[in-house]
Amino acid sequence: MDSLELAEQYVTSTNVSVFLTGKAGTGKTTFLHRIATSAKKRSVVLAPTGVAAVNAGGVTIHSFFQLPLCPYLPDVKELVTEYQMPDKFKFLRKERIQVIRTLDLLIIDEISMVRADLLDAVDMTLRRYRRNSRPFGGVQLLMIGDVQQLPPVVTDDEKPYMERIYRSPFFFHSKALQRVHYVTIELTHIFRQQDERFIALLNNIRDNQFDRATLDALNERYNRTFNPPDSEGYIRLTTHNYQADSVNQRKLAALSSPSFVLEAVVEGNFPATSYPTEATLTLKVGAQVMFIKNDSSGHSYYNGKIATVEGYDPEEGVAVVDREGNHIVVNPERWENVKYEVDPADNQIKQRVDGTFIQYPLRLAWAITVHKSQGLTFDKVIIDAASAFTYGQVYVALSRCRSLDGLVLASPISPNCVFDNADVMEFSSSFPTIERVQQDLGQFKNGYYVELLGELFDFSMLLRSAERLNEVFGRYLNRQMPDETRKMSLLANGDIVNIASVGEKFRSQIGKILLSNGNNTGDPFLHERVNKGVAYFGDQLEQVFLTLAPLIEINIGNKEVAASFDECATELRDIIQLKQLCMKRVGEKGFSTELYNKAKVDFLLDKEQRGSGTKRSSYRQRYGKKEPKPKKPHVWEETARQFKAGRTIQEIADERGVKYATIANHLNSALEVGLLKWDDLITKEELDEITAYIKDANPQSLTEMHDHFGDRYQYYKLRTARYLATGEGNDGKNDN
């Protein structure tokens, strides 16, 4: 398995975050495009700059998370005051929150240019909107880049503040990332260069091993007076924008041919900072240009190809000739500024075009900056690195060229041009071997499967949520609604405690099975136990929900109490319904990580679409309504009438298309309101036996009673006896 295949396996089959790195020209960008389109995880692609985002087919980090263009340093009080940071972190739109809450994978390109504080701001936003305290809200990261290329930018004003929080501004010193277990996979096969000698020189520069032999070999390419004719197709790389602009304008002015102006068409929202080329592009016949996009209609040109302008016809387009003598007619291309949103048709995260930029895919290219050259490949390059000002700039410039023979230095490379960075070198030296990463893959795959399987049968959140709602009942509603308060207490302290306890034992049992079979997730016995567990807990959850449903329908007059009640009731209802959906899906198709994750996402999106309130109307519409909401006896009355007429529970259930347990529950409710008598549901002999057991054993739940009697008594008979013996009414438990 090569490095690219290994990286793909980690991204698609585990939840482990990945830092994919490698020297220039090793295929990092190609991998990004492949994984973004083929992975079955819900993902978005982000980048630190507008141009990088457009090239990666994504959006900027600041735009996606609506982050302010200022440092994220909450521990530095002076900076908080100066930037008014709390006010600048905007609330996201509902559509964006949907995407964030259902995200599986966050892809960040050019990670070397992402500052540590920006990555921590991403972490803060994900945790906030996903309501998940784990780093990055539990989202898997795919970080792509090379720390030995262009670094993050920190202004002189920001530097004193950054140094108080971070060891360095690089992403790997992010506070959040240091709490994440991630693997580093380094791509080593270089596709761009084939010359082994040149590759060795580049590696030395990349690793800051600029010894005398390396510098002497590179400086053999130094020629200060080199001024080739444009027909040879050299492109000059500069360290600053003003240098490139000066060269291009001087060269353009020297051409005697008339100029022609090409105006871009900009529609919708497309920030000027993200324009891939000039909105007003001035060219002349004879101008050297570079393509800035791959040919969308064929294979005539590619991003980074150099050509010379031959002519222009408003109807036909711009005519150019490349270095191989191929004549190409160029037409405008379209760039899209995209947004991510959830498609309600299939609940998938999809891109929506927010704006477009239509222009000829060309720019003047006698010279460009090193920053704009990142990701491009040239056959002939003149490099002026005398004014290099940051780490990685020289390496990026040198590595743009395919061969040493195509490289000319306008200024010599010296140790002063190559910046050392101890943090980068220390970080790079810590990368694990590819053999170790490959060795750990199976463990992480199994771990991901086991983690999600354990989560399916983990009812701790259900228990905590029930305790919170029970506390609201006990503290605020006990006097006005003693019956409802008692039922909620029995539910929280009895049946839900039992579900959580059995769930913990079942998870332990699953763990023992995996331990005994060597973590074989394909074991038929394991799947058999999972299916039985799903069936059991599905029934238990349905019984709990039928108990809960009437309890969260009550009316509360006090505004503050109603608000607290609504929050707790909604949370508990959602937890139960989410578990029910997951159990149902797994019961139908068997357990897989993909199916389980999709069930969770589908529930969340369906919940967003139907609204987040409880089944009852909003508490704001119920202020002052102190009388309890009346029950609906007509449903129970019809059930009772048919039952007394001699129809069986199963016959009534089949006629209405509901479960047996639902009709049995109606009968117990009808008993409570006087529509049925106790001897309509149970014989005296049955009642005496069950009552004697209740007085002797004091069972805490119907499940415990059922376990004692086995299949001799159905739940509705047990429920009837308990009601007559203790006064504990219909708790909504289903009949099995």
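Quick caveat: nothing in here was measured; it's all calculated off a predicted structure.
In this structure, Asn470 contributes its side chain and Ala466 its backbone to no donor-acceptor pair below 3.5 Å. Asp104 contributes a side-chain N or O that, together with a main-chain N or O of Arg42, makes up a donor-acceptor pair within less than 3.5 Å. A donor-acceptor pair under 3.5 Å is absent between the side-chain atoms of Tyr10 and the main chain of Lys445, judged by distance alone. Within the 3.5 Å criterion, the main-chain N or O of Leu572 finds a donor-acceptor partner in the side chain of Ser465. Counting only distance, with no hydrogens or angles, the side chain of Lys717 and the backbone of Leu681 share a donor-acceptor pair below 3.5 Å. Although no hydrogens or angles enter the test, the distance criterion places no donor-acceptor pair under 3.5 Å between the side chain of Ser501 and the main chain of Val497. Without hydrogens or angle criteria, Asn493 side chain to Ser489 main chain gives a donor-acceptor distance under 3.5 Å. Using a distance-only test at 3.5 Å, with no hydrogens or angles considered, a donor-acceptor pair links the side chain of Asn446 to the main chain of Asn519. A donor-acceptor pair under 3.5 Å is formed between the side chain of Asp120 and the backbone N or O of Ala176. No donor-acceptor pair closer than 3.5 Å links the side chain of His708 to the backbone N or O of Tyr693.
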Might you work through the salt bridge (Lys or Arg N to Asp or Glu O under 4.0 Å) test for Lys487 and Asp483, ending with a clear yes or no?
CA-CA 6 Å; Lys487 291 177 183 179; Asp483 290 342; over 6 Å; no

Could you check Ile663 against Tyr716 for side-chain contact (heavy atoms from CB on, under 4.5 Å), going step by step and ending with a plain yes or no?
CA-CA 10 Å; Ile663 300 303; Tyr716 81 90; over 6 Å; no

Passes side-chain contact (heavy atoms from CB on, under 4.5 Å), Val18 versus Met143? Steps please.
CA-CA 6 Å; Val18 176; Met143 302 167 287; over 6 Å; no

Phe709 and Gln714: side-chain contact (heavy atoms from CB on, under 4.5 Å), yes or no, with the steps?
CA-CA 9 Å; Phe709 288 107; Gln714 295 171 312; over 6 Å; no

Apply side-chain contact (heavy atoms from CB on, under 4.5 Å) to the pair Ile652 and His666, showing each step before the final yes or no.
CA-CA 11 Å; Ile652 300 172; His666 286 178; over 6 Å; no

I'd like to know whether His181 forms a ring-ring contact (aromatic ring centres under 6.0 Å, His included) with Phe444, so could you lay out the CA-CA distance, the side-chain angles of the two residues, the decisive distance to 0.1 Å, and finally the verdict.
CA-CA 11 Å; His181 174 76; Phe444 286 124; 5.2 Å; yes

Listing, residues 587-595 side-chain donor-acceptor contacts under 3.5 Å, not counting sequence neighbours, or none:
{"unit_1": "Glu588", "atom_1": "OE2", "unit_2": "Lys584", "atom_2": "NZ", "d": "2.7"}
{"unit_1": "Ser592", "atom_1": "OG", "unit_2": "Leu595", "atom_2": "N", "d": "3.0"}

Identify every side-chain donor-acceptor pair in residues 506-515 under 3.5 Å, counting partners at least two apart or on other chains, and give the distances.
{"unit_1": "Arg507", "atom_1": "NE", "unit_2": "Gly454", "atom_2": "O", "d": "3.1"}
{"unit_1": "Arg507", "atom_1": "NH1", "unit_2": "Glu504", "atom_2": "OE1", "d": "3.4"}
{"unit_1": "Gln509", "atom_1": "OE1", "unit_2": "Arg529", "atom_2": "NE", "d": "2.9"}
{"unit_1": "Gln509", "atom_1": "OE1", "unit_2": "Arg529", "atom_2": "NH2", "d": "3.0"}

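Once rounded to the nearest 0.5 Å, the distance linking OG of Ser564 with OH of Tyr476 reads 6.0 Å. Taking CZ of Arg722 as the reference point, atom OG1 of Thr720 lies at 10.5 Å (rounded to 0.5 Å). Note that CG of Asn478 is 10.0 Å distant from CZ of Arg486, once rounded to the nearest 0.5 Å. Residue Asp539 holds its CG atom at 8.5 Å from OH of Tyr715, rounded to the nearest 0.5 Å. The distance from the CG atom of Leu687 to the OG1 atom of Thr691 is 4.0 Å, given to the nearest 0.5 Å. If you take OH on Tyr129 and CD1 on Ile100, they are separated by 7.0 Å, rounding to the nearest 0.5 Å.
Within 6.0 Å of CG on Asp711 lie no more than 12 heavy atoms contributed by other residues, nucleotides or ligands.
Of the charged side-chain nitrogens involved, at least one lies within less than 4.0 Å of a carboxylate oxygen, so that Arg134 and Glu451 count as a salt-bridged pair. Salt bridge Arg641/Glu638: present, at least one basic N to carboxylate O contact under 4.0 Å. Taking the charged nitrogens against the carboxylate oxygens, Arg468 and Glu567 have no contact shorter than 4.0 Å, which rules out a salt bridge. At a threshold of 4.0 Å, the pair Arg585-Asp602 counts as salt-bridged, since one of the basic side-chain nitrogens sits closer than that to a carboxylate oxygen.
Inter-residue side-chain proximity for Leu141 and Val180 is flagged as unmet; no heavy-atom pair is nearer than 4.5 Å. No side-chain heavy atom of Val44 sits under 4.5 Å from any side-chain heavy atom of Ile107. Using a 4.5 Å heavy-atom cutoff, the side chains of Val544 and Ile499 are in contact. Using a 4.5 Å heavy-atom cutoff, the side chains of Asp680 and Lys677 are in contact. With a 4.5 Å cut-off on side-chain heavy atoms, Leu477 and Val561 count as touching. Taking the side chain as every heavy atom from C-beta outward, Arg130 and Leu103 approach each other to under 4.5 Å. No side-chain heavy atom of Glu571 sits less than 4.5 Å from a side-chain heavy atom of Leu469. Glu655 is listed as a side-chain neighbour of Arg647, based on a closest heavy-atom distance under 4.5 Å.
Note that Lys579 lies outside the cation-pi zone of Phe537, set by a 6.0 Å cut-off to the ring centre and a 45° limit from the axis. Cation-pi contact between Arg127 and Phe136: absent, since separation from the ring centre below 6.0 Å together with deviation from the ring axis within 45° is not met.
Across all their heavy atoms, Ile690 and Ala721 have their closest contact at CG2-CB, 3.4 Å. Contact record, Ala492 with Leu463: O-CD1, 4.1 Å, taken as the closest heavy-atom pair. Minimum interatomic distance between Val530 and Phe457 (heavy atoms only, all atoms of both residues): O-CZ, 3.9 Å. Between Leu106 and Phe65, the shortest heavy-atom distance links the atoms CD2-CZ, 4.4 Å. The minimum heavy-atom distance linking Val11 with Gln140 is given by the pair O-OE1, 3.3 Å. When all heavy atoms of Ser43 and Ala36 are compared, the closest pair comes out as OG-O, 4.3 Å.
Aromatic ring centres of Phe473 and Phe565 lie closer together than 6.0 Å.
Each of Glu686, His706, Glu689 was compared with Tyr713 under the side chain to side chain donor-acceptor pair (under 3.5 Å) criterion, and only Glu689 meets it.
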